There are 2 protein chains.
Amino acid sequence: MKLTEAKQQFISSWGAFGTHWGINRTMAQIHALLLVSADPLTQDDIMEELNISRGNTNMNIRELINWGLVERVILPGERKEFFSAEKDIWKVVRLIVKERKKRELDPLLKLLDQLEEVEGDKRDKSIKTFVDTVSGMKRIGKQADKTLDMMIKADEHWFVGSLMKLIK
Amino acid sequence: MKLTEAKQQFISSWGAFGTHWGINRTMAQIHALLLVSADPLTQDDIMEELNISRGNTNMNIRELINWGLVERVILPGERKEFFSAEKDIWKVVRLIVKERKKRELDPLLKLLDQLEEVEGDKRDKSIKTFVDTVSGMKRIGKQADKTLDMMIKADEHWFVGSLMKLIK
DNA sequence: TTATTTTTTCAAAAAGTTTTGAAATTTCAA
DNA sequence: TTGAAATTTCAAAACTTTTTGAAAAAATAA
């Protein structure tokens, strides 16, 4: 496969995967393009390469910067801003996990804490079912929280190495 | 908080969370309702409780059954079908991970294998950047694959217990 | 059987999300 | 300063996904 074709495949597939991962298609495509670009690109480069509008490009670059996945690069002597993606994939995964944890898991745990305090006699079958479900989720949720925090801080090899020891 | 209100909160929040988790809102709401129901419910119960149409209810119940999260229950002497959700949350998490891995991670790994075989001289900067990105992803992806497989098979306490030992 | 109830399907409508592009704002070199 | 270039904003349009509901199919009791 030729490089140009491979790049295109990569960008379009990463876009499709992104949609399953809480990231919209364009955002994922811009990310993919920057990941496989040897040098930083301008907004115009990205617009042209992906055939998307200026507004769309701008909004999604900004979102990628918020996630910490892309950074603005100022090249001396250039008027335009350039953008480049974090290339260390393990760092990328940690950034994504960190962001999604903050947006999804943390609010869920907060909610479960509130819901566990439902009024009523726990010997009542319907109360029991509710409380048991909520408590079960809270337990698993807290464990996931710890595990993910560990992962966010961990070095790639430490983490995987440790896990691998467990199955031997 | 009263049980009725708590249930409603739980259902509506689980619905909202679901949308971040590759599960549509109604599917997640039906799942939530069944999780906190002490007894199996019929399609009509679900329609009424969530104010949704018959078709919508039917399609989403079917999808929940496909994921293994809900099962059909036949009660003797009853004409209608009843539905109940798997209540063991650790099992629920494993089922969701299993399904999402199959739909998302497995195809990604397949794609990366193909893309790694791009033609050209790896001393070429643009080829190198592409191959490095793809290889990096493949490495992390394979590790995630193993870790998730382990998790899918693992007992809750074995898995978490082992992880916890590592941070002490 | 046949009639009635229950479940399933699917085209069209509604709802939700993303994208566009032109106007407003900001930046910066001269 | 000023004006050209670059960036940002956001309402409307395009697109995508979900939901509805009525009709078809399947299941079951009599």
Side-chain angles (χ1 to χ4, degrees), chain A residues 11-34 40-67 70-84 100 103-104, chain B residues 11-34 40-67 70-84 100 103-104:
Chain A
I11 290 167
S12 107
S13 304
W14 196 242
F17 286 121
T19 58
H20 297 292
W21 279 86
I23 289 171
N24 87 37
R25 193 172 51 213
T26 305
M27 184 172 155
Q29 285 183 350
I30 295 175
H31 187 215
L33 173 62
L34 291 173
L41 303 180
T42 64
Q43 272 202 30
D44 290 82
D45 294 335
I46 295 168
M47 284 167 63
E48 197 177 325
E49 197 81 41
L50 302 179
N51 273 295
I52 55 178
S53 71
R54 186 171 299 285
N56 196 8
T57 307
N58 189 275
M59 283 175 116
N60 283 294
I61 288 176
R62 216 150 12 90
E63 195 63 3
L64 284 164
I65 292 173
N66 285 160
W67 282 59
V70 164
E71 66 171 14
R72 245 173 256 271
V73 177
I74 304 299
L75 295 187
E78 293 276 6
R79 175 86 183 259
K80 287 184 180 175
E81 294 175 334
F82 286 72
F83 300 93
S84 90
R100 299 200 64 192
R103 294 178 184 214
E104 296 155 35
Chain B
I11 290 167
S12 108
S13 305
W14 197 241
F17 286 121
T19 58
H20 296 291
W21 281 86
I23 290 171
N24 89 36
R25 194 173 48 215
T26 306
M27 185 172 154
Q29 286 183 349
I30 295 175
H31 187 215
L33 173 62
L34 291 172
L41 303 179
T42 64
Q43 272 202 34
D44 289 82
D45 295 335
I46 295 168
M47 284 168 62
E48 196 178 324
E49 197 80 41
L50 302 179
N51 274 295
I52 54 179
S53 71
R54 185 171 300 286
N56 196 8
T57 307
N58 189 276
M59 284 174 116
N60 283 294
I61 288 175
R62 213 149 13 90
E63 194 64 3
L64 284 164
I65 292 173
N66 285 160
W67 282 58
V70 164
E71 66 172 14
R72 244 173 257 272
V73 177
I74 304 299
L75 297 186
E78 293 277 6
R79 176 87 181 256
K80 288 184 180 175
E81 293 175 334
F82 285 72
F83 301 93
S84 88
R100 298 200 65 191
R103 294 178 184 215
E104 295 155 35

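Just so it is clear: chains get the letters A, B, ... in the order the sequence lines come, proteins before strands, and each one is counted from 1. The model shown is predicted, which means the values in this text are computed figures rather than measured ones.
- Applying the salt bridge (Lys or Arg N to Asp or Glu O under 4.0 Å) criterion to B:Glu63, with sequence neighbours excluded, gives B:Arg103.
- Applying the side chain to side chain contact (heavy atoms under 4.5 Å, CB included) test to B:Ser84 and every residue at least two apart in sequence or in another chain returns B:Pro40, B:Glu71, B:Val73.
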Residues 11-18 of chain B side chain polar contacts: donor-acceptor under 3.5 Å, at least two apart:
| unit_1 | atom_1 | unit_2 | atom_2 | d |
| --- | --- | --- | --- | --- |
| B:Ser13 | OG | B:Gln9 | O | 2.8 |

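- Within a 6.0 Å radius of CD in B:Glu48, no more than 12 heavy atoms belonging to other residues, nucleotides or ligands are found.
- For the side chain to side chain contact (heavy atoms under 4.5 Å, CB included) test, residues two or more places apart in sequence or in another chain that qualify with B:Leu34 are B:Ile30, B:Leu41, B:Ile46, B:Val70, B:Phe83, B:Ala85.
- A residue-by-residue look at A:Met27 and B:Met59 shows that B:Met59 has its nearest nucleotide of DNA chain C further toward the 5' end.
- Applying the side chain to side chain donor-acceptor pair (under 3.5 Å) criterion to B:Thr42, with sequence neighbours excluded, gives B:Asp45.
- Running 5' to 3' along DNA chain C, contacts with non-hydrogen atoms of chain B at under 4.0 Å begin and end at C:dT4 to C:dG16.
- A residue-by-residue look at B:Asn24 and A:Asn58 shows that A:Asn58 has its nearest nucleotide of DNA chain D further toward the 5' end.
- Contacts between residues 42-56 of chain A and DNA chain C, defined by a heavy-atom separation under 4.0 Å, are made by A:Asn51, A:Ile52, A:Ser53, A:Gly55, A:Asn56.
- Shown here are the salt bridge (Lys or Arg N to Asp or Glu O under 4.0 Å) partners of B:Glu81, two or more places apart in sequence or in another chain: B:Arg72.
- Every side chain to side chain donor-acceptor pair (under 3.5 Å) that B:Glu104 has, sequence neighbours left out, goes to B:Arg100.
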Report, as a single string ordered 5' to 3', how protein heavy atoms within less than 4.0 Å touch nucleotides 25-30 of chain D: B base, S sugar-phosphate only, - not at all.
--BB--
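- Applying the side chain to side chain donor-acceptor pair (under 3.5 Å) definition to pairs two or more places apart or across chains, those involving residues 18-30 of chain B are B:Asn24-B:Asn60.
- With sequence neighbours left out, the side chain to side chain contact (heavy atoms under 4.5 Å, CB included) criterion links B:Met47 to B:Asp44, B:Arg54, B:Thr57.
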